[in-house]
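Note sheet for the following structure.
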Amino acid sequence: MTAPRIVITGIGGICALGTDAPAIWSAMRAGRPAIGPITTAALHELKVRIGAEIKDLPDHGIDRKRLVTMDRFSLLAAISAQEALSQSGFTVDASNTHRVGAVVGTGVCGWEAIEDSYRAILLEGKPRTGIFTVPRVMPGAAAGQVSMTLGLRGPVFGATSACSSSNHAILAAADQIRLGRADVMLAGGSDAPLIYGILKGWEALRVLAPETCRPFSADRNGLVLGEGAGIAVLETLEHAQARGATILAELAGGGMSADASDIVAPTVDGPVSALKACLDEAGLSPADVDYINAHGTGTKANDKIETEAIRRVFGGHAEKLSVSSTKSMHAHCLGASGALELIACVMAIRDGVVPPTAGYREADPDCDLDVTPNEARRRDVRVALSNGFAFGGTNAVIAVRAME
């Protein structure tokens, strides 16, 4: 039996680049980074004080009684989900609510609530934490809050695999549809790591850039953290056509793998395996791929290894690929990164534009792909890949394809 084709009928997002998907894409196309000094969080004695933060939230209409139960990462997910569902034109009602679900990935969890609790108990001497600390902290809270905000009663759960969380969530959501458990799924990721405790931990790893993120550039010196969320609406091609939906792109396939090697140091073999599995599931040859939104964190090791992995899989076609890292603009949003990068892939297909790698200054012989430096480029993009390679050696690659 042939597996049903899964399509994307709505996208929503929020990050430092903009408070909705069109604004995010506009900034990506313009090569306009949103990395700068963090102004909305207490940073105490941190050395690295830059990030990509959302300065103001849009009007979202979420009730205050629900807001007090939500940590920031859950709120960002709910805002993005509202936008994605609205764009899809799908209405959730009593007749279909049990056939609509959500899978939302996150790399950390509700650290805003954790930090508030630690400070209240350990520094201020308070006898108890906030009553909603546990439901705010849960890694699965974002998925639950999306379901409550939109009235989704189908399969709802969280996914957490560090920087690959969004891609794992999207592939897991597609599986729910293929298995017949749902007709429509909302999927993506959300993270809000611009919290003192989280930043302090990343600072200890010595991988944070002091000024900005320059993926693939020879003078790159680390990653920058950002906050954000992205959600896509998935359904079968048949379901979308039956309701007359506008189809943005097809979720052609995905590949997953594990390095089984080191908790922080990436390997080449793991990403190679995920890339090959993605092409195989999608029924694609290397020559079919036009654009890769790279994991591209801006660290010395990641960018070199990702370049090698791409060259191993694509061979001579690697010379014809357009590659870029939009983390150079929205920073590394951890569990939300893949979902924001999916927006870039979908819109690259729809607009025929490859977004740039911003901040690129010096060629690196170890990163010798066409990384679309600094300026967007016109290109007919029929197939785009989104790479997610995470701490823990967990890898997930997604392929999206233009609808014929």
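Numbers here are sequence positions counted from 1.
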For Phe391, does the CZ atom have more than 12 heavy-atom neighbours from other residues, nucleotides or ligands under 6.0 Å away? yes
Donor-acceptor pair, distance only, cut-off 3.5 Å: does the side chain of His60 make one with the backbone of Ser80? no
Flag the pair Arg72 and Glu112 as a salt bridge only when some basic side-chain nitrogen lies within less than 4.0 angstrom of an acidic carboxylate oxygen. no
How many angstroms lie between atom CG of Leu171 and atom SG of Cys278, to the nearest 0.5 angstrom? 8.0 Å
Answer yes or no: is there a side-chain heavy-atom contact under 4.5 Å between Asp370 and Leu321? no
Which heavy-atom pair separates Ile79 from Leu57 by the least distance, and what is that distance? CD1-CD2, 4.4 Å
For Asp71 and Ser74, test the side chains for any donor-to-acceptor distance below 3.5 angstrom and give the result as yes or no. no
Looking at every heavy atom in both Lys320 and Arg379, which two are closest together, and how far apart are they? O-NH1, 2.7 Å
In plain terms, say whether Lys200 and Glu45 are close enough for a salt bridge, that is, a side-chain N and a carboxylate O under 4.0 Å apart. yes
How about Glu203: does its CD atom have over 12 heavy atoms from other parts shown lying under 6.0 Å from it? yes
So which heavy atom on Leu251 is nearest to which on Ala174, and how close? CD2-CB, 3.8 Å
Residues 26-44 vs salt bridge (charged side-chain N to carboxylate O under 4.0 Å, His left out), sequence neighbours excluded, gives Arg29-Asp351
Value rounded to 0.5 Å, distance of SG in Cys345 from CG in Asn387: 9.0 Å
So, Glu375 and Arg377, do they make that salt bridge, N to O below 4.0 Å? no
About how many Å separate CG of Leu340 and OG of Ser166, when rounded to the nearest 0.5 Å? 7.0 Å
Any non-hydrogen side-chain atom of Arg220 less than 4.5 Å from a side-chain atom of Cys367? yes
State whether Glu115 and Arg119 are salt-bridged, where the test is any N-O pair (Lys NZ or Arg NE/NH1/NH2 against Asp/Glu carboxylate O) under 4.0 Å. yes
Taking every heavy atom of Thr91 against every heavy atom of Asn96, the minimum-distance pair comes out as O-ND2, 3.0 Å
Rounded distance [0.5 Å steps], OG in Ser190 versus CG in Leu76: 4.5 Å
How about Thr133 and Ser117: does a side-chain donor come under 3.5 Å of a side-chain acceptor? yes
Is there a donor-acceptor contact under 3.5 Å from the side chain of Asp259 to the main chain of Thr267? yes
Any carboxylate oxygen within less than 4.0 angstrom of a Lys/Arg side-chain nitrogen, looking at Asp364 and Lys304? no
Side chains of Pro22 and Glu83, heavy atoms from C-beta outward: is any pair under 4.5 Å? yes
Would one find more than 12 heavy atoms of other residues, nucleotides or ligands at under 6.0 Å from atom CG of Asp63? yes
Do you know the tightest heavy-atom contact between Glu227 and Ile54? OE2-N, 2.7 Å
Using a strict 4.0 Å threshold on nitrogen-to-oxygen distance, state whether Asp290 and Arg382 make a salt bridge. no
Of the non-hydrogen atoms in Thr97 and Gly151, which two are nearest, and what is the gap between them? OG1-O, 2.6 Å
Using a strict cut-off of less than 4.0 Å between a Lys/Arg side-chain nitrogen and an Asp/Glu carboxylate oxygen, indicate whether Glu362 and Arg214 qualify as a salt bridge. no
Glu319/Arg311 salt bridge by N-O under 4.0 Å criterion: yes
Parallel, tilted or perpendicular: which describes the rings of His332 and Trp202, with under 30° parallel and over 60° perpendicular? tilted
